[in-house]
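Comments concern the structure below.
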Amino acid sequence: MNKIVKATLFASIAALALSGCVKGNSGTDQPTGKYPAGFVMYNTCNSWNEEAYQHSYSQAFNVGLTGANGGAWVGGSETFLNPDQKQSINDLLKNGAKAIAISPENVTAEFLNTITIPVIMFDSHVKGFDKEACFVGYDYTEAAEKAAEFIATRIPQEGKVLVLTINNDPRTVKRADMFKNKMAQIASKVQIVTQEIQTYHPDDKTNTAKASIQEALMKDPDIAGIYANDDDLAYFTYQTIDQTPSKEDILKNLKAVFGCGGSNKMQDVIKNSKRSGIEFATMECSPEIGAYLTDEMAQILRYGMPSEKNRIFYPGKVIDKSNADPKQ
């Protein structure tokens, strides 16, 4: 994901260890031994791409969110085994955070309403949370609609489309509903089936996601399109096809796979896949959203209020065979 924040900021952040680090005056990482006060961000279960992370960290350094003023990103692969946002947030608060940005996946409105410092919600609102300072993230309506349009033009009028969701990420369920609504408008005879993917380890080292995708493909070998609504799941689908016993039946019917994020891995698949008859695509999103989030945090720390209540950023262009450009 060299160009994109995954839906993720799509995600456990390819970030600092839980002990925390800050940039010194030279810009190098220096351990602090605890979370500094100031800019804190939590996310779990996915991956924030390195380019977006560095972009945001540099922006934080430029606006002075370092040292005593703080700049701690919390997350990483270790959170997979203990994805307790409530505990991590409490730890950050105890260590003097002055504002917090949260990408909520398993935290309740009841708990959020007990937080007394400003809270920026990233990528997802929480129903019932009434003290949100502001919202920064993507409106995935456009991505879901573009996915529906891409798939609908490549499959039979009465074809079957598989939609993948992640059980611990309600955002993917919302995107799936957006996709279904758009498909109902433009291809009302298409049949939609959903497969819920269990929370998976980064890169799916345990094959949790790939096994679930394979199960869905074997159950319905006549699936003609797949809305993965996540670039990891789209990539796992690409990998899974060759490992599926009924591969030939699947390849005979499958015409389109659409992810979301614009990751480097997916752009490589889109550009270089030799599988004839299947088109892969994704929706590009800008890593600059990390800088917007940082700016908003700086605004709150300096002036006690956000620049505006909502800052919603739409995904960018569809990436297909004509314009895929994987970065080496």
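All heavy atoms count here, side chains included; hydrogens, waters and symmetry mates do not. All values reported here derive from a predicted model rather than from experimental measurement.
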- Is Leu162 reachable from Val173 through a run of hydrophobic residues whose side-chain heavy atoms are each under 4.5 Å from the next? no
- Query: Do we see a donor-acceptor contact under 3.5 Å between the side chains of Asn167 and Thr199?
  - Reply: yes
- Could you tell me whether the side chain of Thr244 reaches within less than 4.5 Å of the side chain of Thr240, counting heavy atoms only? yes
- Note on the structure: Nearest heavy-atom approach of Ala281 to Met266 is O-CE, 4.3 Å
- Message: My understanding is that only residues two or more places apart in sequence, or in another chain, count here; which of them pass ring-ring contact (aromatic ring centres under 6.0 Å, His included) with Phe129?
- Response: none
- Message: Considering only residues two or more places apart or on different chains, which pairs with a residue in residues 299-319 satisfy ring-ring contact (aromatic ring centres under 6.0 Å, His included)?
- Response: Tyr292-Phe313
- Query: Are Leu112 and Val126 close enough that some pair of their side-chain heavy atoms sits under 4.5 Å apart?
  - Reply: yes
- Under the side-chain hydrogen bond (donor to acceptor under 3.5 Å, both in side chains) test, residues paired with Asn253 that sit two or more places apart: none
- Message: A side-chain contact here means heavy atoms from C-beta on lying under 4.5 Å apart; do Gln267 and Asp325 qualify?
- Response: yes
- Item | Results of side-chain contact (heavy atoms from CB on, under 4.5 Å) for Asn323 - residues two or more places apart only | Lys317, Ile319, Asp320
- Note on the structure: Closest heavy-atom pair, Ala109 versus Gly128, reported as atoms and distance to 0.1 Å, is CB-C, 3.5 Å
- Task: Evaluate side chain to side chain contact (heavy atoms under 4.5 Å, CB included) for Ile226 paired with Val161, printing each intermediate quantity in order.
- Result: CA-CA 5 Å; Ile226 298 176; Val161 175; 6.0 Å; no
- Message: Is it the case that over 12 heavy atoms from other parts of the model lie below 6.0 angstrom from the CD atom of Glu308?
- Response: yes
- Residues, nucleotides or ligands: over 12 heavy atoms within 6.0 Å of Lys131 NZ: yes
- Task: Please check if any side-chain donor atom of Thr172 sits under 3.5 Å from a side-chain acceptor atom of Asn229, or the reverse.
- Result: no
- Query: Is Asp230 reaching over with its side chain to a backbone N or O of Thr165, donor-acceptor style, under 3.5 angstrom?
  - Reply: no
- What's the shortest heavy-atom distance between Lys309 and Ala133, and which atoms? CD-O, 3.6 Å
- Minimal heavy-atom distance between Tyr200 and Ala209, with the atoms involved, is CD2-CB, 4.0 Å
- Task: Calculate, to the nearest 0.5 Å, the distance between atoms CG and CG belonging to Leu217 and Leu254 respectively.
- Result: 7.0 Å
- Measure the CZ-OH distance between Arg175 and Tyr138 for me, rounded to the nearest 0.5 Å. 10.5 Å
- Taken in chain and number order and not counting sequence neighbours, the residues that satisfy ring-ring contact (aromatic ring centres under 6.0 Å, His included) with Phe280 are Tyr238
- Message: Could you check whether any side-chain heavy atom of Glu296 comes within less than 4.5 Å of a side-chain heavy atom of Ser307, counting everything from C-beta outward?
- Response: yes
- Task: Just do the side chain to side chain contact (heavy atoms under 4.5 Å, CB included) check on Asn310 and Glu132 with the steps written out, would you?
- Result: CA-CA 10 Å; Asn310 288 288; Glu132 178 180 301; 4.2 Å; yes
- Euclidean distance, Gln243 CD relative to Gln239 CD, rounded to 0.5 Å: 7.0 Å
- Task: Taking the side chain as every heavy atom from C-beta outward, state whether Glu145 and Met178 have any atom pair closer than 4.5 Å.
- Result: no
- Message: Between Asp220 and Ile223 (side chain of the first, backbone of the second, donor and acceptor by atom type, cut-off under 3.5 Å), is there such a pair?
- Response: no
- Item | Which residues share a side-chain hydrogen bond (donor to acceptor under 3.5 Å, both in side chains) with Lys146, sequence neighbours left out | none
- Task: Would you please name every residue forming a salt bridge (Lys or Arg N to Asp or Glu O under 4.0 Å) with Lys210, sequence neighbours left out?
- Result: Asp204
- Query: Taking the inter-plane angle between the rings of His125 and Phe135 on a 0 to 90° scale, is it parallel (under 30°), tilted (30 to 60°) or perpendicular (over 60°)?
  - Reply: parallel
- Item | Point-to-point distance, once rounded to the nearest 0.5 Å, from CD of Glu284 to OG of Ser263 | 11.0 Å
- Query: With Asp242, which residues qualify under salt bridge (Lys or Arg N to Asp or Glu O under 4.0 Å), at least two apart?
  - Reply: Lys247, Arg275
- Message: I want to check something: taking the side chain as every heavy atom from C-beta on, are Pro326 and Asn264 in contact at a cut-off of under 4.5 Å?
- Response: yes
- Query: Roughly how far, to the nearest 0.5 Å, is CE of Met305 from CD1 of Ile300?
  - Reply: 10.0 Å
- Query: Got a sec, which residues hit side-chain contact (heavy atoms from CB on, under 4.5 Å) with Thr153, two or more places apart in sequence or on another chain?
  - Reply: none
- Query: Residues in side-chain contact (heavy atoms from CB on, under 4.5 Å) with Phe111, at least two apart?
  - Reply: Lys86, Ile89, Asn90, Val107, Thr108, Thr114, Ile115
- Message: A side-chain contact here means heavy atoms from C-beta on lying under 4.5 Å apart; do Val163 and Phe179 qualify?
- Response: yes
- Note on the structure: Ala234 and Ala228 have their tightest heavy-atom pair at N-CB, 3.4 Å
- Task: State, yes or no, whether a side-chain contact exists between Thr282 and Val269 at a heavy-atom distance under 4.5 Å.
- Result: no
Distance-only donor-acceptor pairs under 3.5 Å for side chains of residues 182-197, two or more places apart:
unit_1, atom_1, unit_2, atom_2, d
Thr194, OG1, Lys180, NZ, 3.3
Gln195, NE2, Ser212, O, 3.3
Gln195, NE2, Ser212, OG, 2.9

- Query: Would you say Asp231's side chain and Gly259's backbone share a donor-acceptor pair under 3.5 angstrom?
  - Reply: no
- From Ile270 CD1 over to Phe258 CZ, what is the distance, rounded to the nearest 0.5 angstrom? 8.0 Å
- Look at the side chain of Lys321 and the backbone N and O of Lys271, then say whether any donor-acceptor pair between them is shorter than 3.5 Å. yes
- Note on the structure: Tightest non-hydrogen contact, residues Lys255 and Ile155, listed as CB-CG2, 4.1 Å
- Task: Kindly write out the residues that satisfy side-chain contact (heavy atoms from CB on, under 4.5 Å) with Ala256, not counting sequence neighbours, or none if the list is empty.
- Result: Phe150, Ile151, Arg154
- Query: Where do Ile100 and Ile117 land on the side chain to side chain contact (heavy atoms under 4.5 Å, CB included) test, with the steps shown first?
  - Reply: CA-CA 7 Å; Ile100 188 167; Ile117 62 175; 4.1 Å; yes
